[in-house]
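Reviewing the structure listed below.
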6 protein chains.
Amino acid sequence: MAQHIALYPGSFDVATNGHLDLIQRAAALFDKIVVAVATNMDKLPVFSVQERVEILKEMTQHIPNVEVTSFDGLTVEYAAQIGANCIIRGLRAVSDFEYELQLALMNRELNDEIETIFMVPSVSHSFLSSSLVKEVASMGGNISDFVPPAVERRLKEKYAKTRNTTCDPKSE
Amino acid sequence: MAQHIALYPGSFDVATNGHLDLIQRAAALFDKIVVAVATNMDKLPVFSVQERVEILKEMTQHIPNVEVTSFDGLTVEYAAQIGANCIIRGLRAVSDFEYELQLALMNRELNDEIETIFMVPSVSHSFLSSSLVKEVASMGGNISDFVPPAVERRLKEKYAKTRNTTCDPKSE
Amino acid sequence: MAQHIALYPGSFDVATNGHLDLIQRAAALFDKIVVAVATNMDKLPVFSVQERVEILKEMTQHIPNVEVTSFDGLTVEYAAQIGANCIIRGLRAVSDFEYELQLALMNRELNDEIETIFMVPSVSHSFLSSSLVKEVASMGGNISDFVPPAVERRLKEKYAKTRNTTCDPKSE
Amino acid sequence: MAQHIALYPGSFDVATNGHLDLIQRAAALFDKIVVAVATNMDKLPVFSVQERVEILKEMTQHIPNVEVTSFDGLTVEYAAQIGANCIIRGLRAVSDFEYELQLALMNRELNDEIETIFMVPSVSHSFLSSSLVKEVASMGGNISDFVPPAVERRLKEKYAKTRNTTCDPKSE
Amino acid sequence: MAQHIALYPGSFDVATNGHLDLIQRAAALFDKIVVAVATNMDKLPVFSVQERVEILKEMTQHIPNVEVTSFDGLTVEYAAQIGANCIIRGLRAVSDFEYELQLALMNRELNDEIETIFMVPSVSHSFLSSSLVKEVASMGGNISDFVPPAVERRLKEKYAKTRNTTCDPKSE
Amino acid sequence: MAQHIALYPGSFDVATNGHLDLIQRAAALFDKIVVAVATNMDKLPVFSVQERVEILKEMTQHIPNVEVTSFDGLTVEYAAQIGANCIIRGLRAVSDFEYELQLALMNRELNDEIETIFMVPSVSHSFLSSSLVKEVASMGGNISDFVPPAVERRLKEKYAKTRNTTCDPKSE
């Protein structure tokens with residue numbers, strides 16, 4: 001039997017409990033999961049690529065067959081490079097699905113040996129999105145149910161800094 | 001490394017080139033694919049369960065790691081019984097997605113050890129559905145681009161018989 | 001310049017103001033519109049194919065470049081037969097769109113010379129569907145805003161008869 | 001202040017924990033909620049209208065401002081009759097939304113004084129549908145997480161009977 | 001009976017006839033509607049928060065149980081602060097629905113006492129969006145059918161100014 | 001018979017094989033197709049309006065009844081100006097559909113004489129979008145299957161320049 005390696009690429013700014021749930025589920029289906037931060041996906045990230053890799057490593061240290069890296073360039077080229085023939089993507093909503101379908105078909109055109117598969121996070125995480133979590137955190141809302149402790153701690157630090165530097169007496 | 005077995009359940013009445021494409025793609029990702037005809041899914045099937053199993057065996061005989069069977073009862077129970085921890089479902093359209101998502105979440109509630117993954121058929125098969133193929137065949141349209149020869153031959157026989165028995169001079 | 005003929009096929013059981021609106025809009029874009037009742041589309045129609053043709057003729061008699069007919073068999077074959085290179089379909093909702101897209105792509109496979117185009121009814125008719133109108137009419141609701149007089153009169157007669165024959169004192 | 005009465009109409013064959021969740025949420029927003037079984041909605045119901053009313057009463061007996069009834073005819077007419085100016089409908093998925101939107105707009109045309117509002121069940125019930133629950137129950141699956149005890153008990157009795165009467169040694 | 005207060009939060013840049021329609025419908029269902037401009041929602045607003053509050057007050061002065069305010073921070077916290085147990089959101093399209101569903105579930109996690117309900121604007125306003133109205137206005141199109149006079153007047157002034165300051169002889 | 005002119009407006013930054021396919025299909029249905037680059041649609045275009053017009057002319061030079069131009073201002077006003085009573089838009093996905101429906105209804109409000117019709121590109125182009133093609137090209141991926149030679153050549157030149165000017169040793 002050949003070893004089955006799956007690539008889970010993404011922006012992961014910020015990683016949520018939904019991402020963690022998906023990684024755990026995928027780790028049961030394949031011999032190795034490579035979680036890889038795409039360096040060119042997010043315009044105004046909260047965390048640097050290096051921070052995102054550190055967070056993902058901390059979050060997944062209890063899952064033996066998970067590796068965390070980063071990459072730039074085409075996802076299918078990176079998948080081929082690491083010996084993965086499978087790309088994992090999470091689906092929560094119809095709007096996810098349409099874009100992901102388009103991306104999967106484009107990636108298949110670029111390399112027909114690499115297959116995209118879709119997985120569904122736990123229903124209790126189905127409403128979580130990185131942008132919504134960042135919005136709540138930026139307003140001082142409690143995000144401890146939405147993200148792993150590794151993220152919550154760092155996100156609080158980030159927004160504490162932002163609030164001090166942009167200190168606006170009117171809106172405090 | 002444990003052996004990875006994936007269950008691909010369905011009605012398969014009728015199996016199309018889209019189903020075949022998905023089976024081929026799945027066979028590259030897992031050690032074994034069990035294609036299983038669900039005996040209680042279709043109200044007025046064109047083919048009996050036994051015929052559908054035969055057709056699927058004929059269609060997939062060139063793929064070594066594929067087995068064809070049938071089952072009744074809950075899909076997750078059958079998956080557990082055959083040692084599969086993964087159910088494969090094809091996604092073509094948004095309307096597929098919503099029902100499939102609901103089914104996947106229900107199945108997860110029934111057995112959290114069995115994971116549903118979604119795959120996308122080749123774009124050239126994205127418009128194919130069993131019901132549309134049956135409708136075209138029933139009107140005498142050419143379906144040779146839509147189904148494997150094993151299906152086309154049998155479907156022609158079926159509709160030839162139907163036309164003779166329900167012979168309606170007015171509509172001929 | 002060649003004459004541009006467009007086929008507008010459908011079940012038309014029952015024709016609504018949304019259908020009429022679409023026919024009027026299409027008549028402004030093409031030299032001739034053939035409105036054609038598909039004889040094999042509806043399982044339990046309220047009106048016979050002949051009645052539906054009569055109703056559509058009555059509804060569209062004020063539009064000079066509209067013809068009403070019926071057909072059975074494949075829509076693309078009928079289009080080719082009458083010299084139409086264009087099939088018109090109405091779109092109201094996303095769920096319409098998905099099925100219609102699938103149908104359009106299937107029809108293109110069957111005959112690449114026949115193109116499907118989609119038009120949108122007036123926003124004030126966007127919620128109208130034949131089945132909803134029939135449901136309201138069957139409960140004695142007022143449908144005069146939803147269907148042309150030619151339909152309303154006949155639909156009242158139909159449901160008046162039904163109510164008399166299935167006479168259920170409890171529900172009257 | 002006028003009393004605010006909301007009508008929650010439906011087929012309720014079978015009532016799920018999703019329905020109960022919605023009734024509880026609605027009861028906090030309005031002075032009185034009338035849960036009403038529509039007698040003409042389901043073709044082949046598992047429970048009679050009378051049984052469904054009994055089940056809903058048992059399920060909601062702990063919520064003081066809830067009444068359970070049944071009705072036939074147009075929903076907007078029944079709403080007007082009981083002094084409700086508001087119809088509540090649950091939304092889980094996009095496909096729900098499209099049909100519900102169409103229904104809401106049609107009802108508004110029939111009576112502009114009656115407003116439809118949409119509510120979302122708890123995310124942990126978002127995948128529940130009456131038909132899926134019935135399907136699982138008919139295959140002997142465990143539905144205790146999906147329906148109130150009042151439904152589970154009766155549903156088990158129903159399917160136990162069905163299995164005995166249609167007794168098929170091959171499928172047991 | 002307790003007083004039922006509903007919060008209708010939004011960006012309202014620019015308020016359309018669709019917003020006004022929804023406010024009027026909501027005002028019939030609850031004892032008080034608080035329309036509240038969220039100060040942190042729009043990146044490049046046409047109107048300041050103060051202007052948007054003024055416009056909404058002018059638009060709704062004929063509806064006695066409507067108040068207009070502004071707020072920053074989490075919507076659920078503001079709702080709790082003003083004694084509202086209900087957030088109203090308008091739904092026009094499927095794409096609205098998905099984002100709104102996600103937001104509603106997130107808000108429920110943050111405060112389970114605050115319920116989100118969805119309402120549908122008049123069908124004749126179903127295609128209206130603030131961004132589309134702004135686009136049409138910026139090109140000098142007639143928007144008098146889409147927005148209340150209070151908005152039209154101010155929007156004309158805004159774009160008249162913009163045109164003068166960015167005066168580009170080539171594009172005039 | 002009057003001459004039927006259809007306007008196909010768009011950003012066309014970058015034009016893909018999907019656009020070309022649609023133009024060819026439309027050219028068979030109408031006497032003349034005017035492909036028109038909207039000058040105010042794209043924020044950060046890769047190509048200038050003039051370049052886009054040149055590319056479209058080169059791409060469509062083999063289709064006799066196609067003209068290429070550019071315009072600013074309202075699309076319906078430009079349609080009226082050139083004698084078109086029909087606007088053509090391509091539909092690939094549900095998310096396209098919703099925005100396009102909104103736009104079509106808004107345009108109808110602005111000028112009820114101009115009708116929007118929707119066409120579907122070839123299924124093999126259904127996953128193509130200008131933004132995805134640009135993303136792949138910017139990463140050095142092979143886009144020769146996705147765009148006409150006229151686009152590929154120019155796009156390579158653009159990104160070659162960009163890479164040189166923003167030369168970042170770390171990411172090369």
Side-chain angles (χ1 to χ4, degrees), chain B residues 7 9-13 36-45 48-53 69-82 84 87 89-118 129 131, chain D residues 14 16-22 42-44 46 90-102 118 120-148 151-152 155-156 159-160 162-163 166-172:
Chain B
L7 172 66
S11 162
F12 300 111
D13 180 61
V37 177
T39 63
N40 40 22
M41 284 181 75
D42 236 8
K43 269 76 198 248
L44 288 167
S48 72
V49 169
Q50 189 48 41
E51 285 174 310
R52 285 179 259 166
V53 168
T69 63
S70 67
F71 74 105
D72 58 19
L74 292 171
T75 304
V76 287
E77 286 180 3
Y78 184 65
Q81 194 181 311
I82 64 170
I87 293 170
R89 298 289 288 171
L91 282 185
R92 290 158 310 174
V94 166
S95 45
D96 282 353
F97 170 63
E98 290 236 305
Y99 175 70
E100 292 293 337
L101 181 60
Q102 195 184 35
L103 209 60
L105 293 173
M106 175 60 100
N107 279 335
R108 187 179 282 166
E109 288 294 311
L110 293 169
N111 185 340
D112 193 32
E113 305 289 300
I114 311 287
E115 200 57 40
T116 302
I117 67 167
F118 299 105
S129 77
S131 57
Chain D
V14 301
T16 68
N17 286 336
H19 293 121
L20 179 54
D21 178 76
L22 215 73
D42 236 9
K43 269 77 201 250
L44 289 167
V46 170
L91 282 183
R92 290 158 311 175
V94 166
S95 45
D96 282 353
F97 170 63
E98 290 235 307
Y99 175 70
E100 291 294 337
L101 181 60
Q102 196 184 36
F118 299 106
V120 175
S122 164
V123 70
S124 60
H125 303 127
S126 62
F127 59 89
L128 283 182
S129 76
S130 293
S131 57
L132 214 50
V133 166
K134 284 187 267 187
E135 203 181 312
V136 170
S138 75
M139 294 180 190
N142 179 7
I143 57 166
S144 59
D145 287 349
F146 310 144
V147 294
V151 175
E152 192 191 6
L155 210 49
K156 272 186 182 161
Y159 284 111
T162 318
R163 295 193 155 203
T166 65
C167 179
D168 176 0
K170 192 174 82 273
S171 69
E172 292 294 293

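This one's a predicted model, so the numbers in the text were calculated from it and none came from an experiment. Reminder, nothing fancy here: chain letters follow the sequence lines and each chain counts from 1.
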Quiz item: By a 4.5 Å heavy-atom criterion (distance strictly below it), what part of D:I143 contacts chain B: side chain, backbone, both, or neither?
Solution: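 Nothing of D:I143, per the 4.5 Å heavy-atom cut-off to chain B.
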Self-check item: B:R108 and D:F127, any side-chain heavy atoms less than 4.5 Å apart
Solution: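 Sidechains of B:R108 and D:F127: no contact.
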Quiz item: Heavy atoms, side chains only, cut-off 4.5 Å: are D:M139 and B:D72 in contact?
Solution: no
Exercise. Report the residues that fulfil side-chain hydrogen bond (donor to acceptor under 3.5 Å, both in side chains) with B:Q102, sequence neighbours left out, ordered by chain and then residue number.
Key: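 Testing B:Q102 for side-chain hydrogen bond (donor to acceptor under 3.5 Å, both in side chains), a comparison that skips the adjacent residues, returns none.
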Exercise. May I ask you to name which of D:D96, D:V136, D:D145 has the most heavy-atom pairs under 4.5 Å with chain B?
Key: D:V136
Quiz prompt | Exercise: identify the closest heavy-atom pair between D:N142 and B:L110 | solution = O-CD2, 3.7 Å
Quiz item: In chain order, what residues pass the ring-ring contact (aromatic ring centres under 6.0 Å, His included) check against B:F97, with sequence neighbours excluded?
Solution: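 Result, ring-ring contact (aromatic ring centres under 6.0 Å, His included) vs B:F97: A:F97.
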Quiz item: If you measure from CG on B:L105 to NE2 on D:H125, what distance do you get to the nearest 0.5 Å?
Solution: 13.0 Å
Quiz item: CG/B:L103 to CD/D:E135 distance, rounded to the nearest 0.5 angstrom?
Solution: 7.5 Å
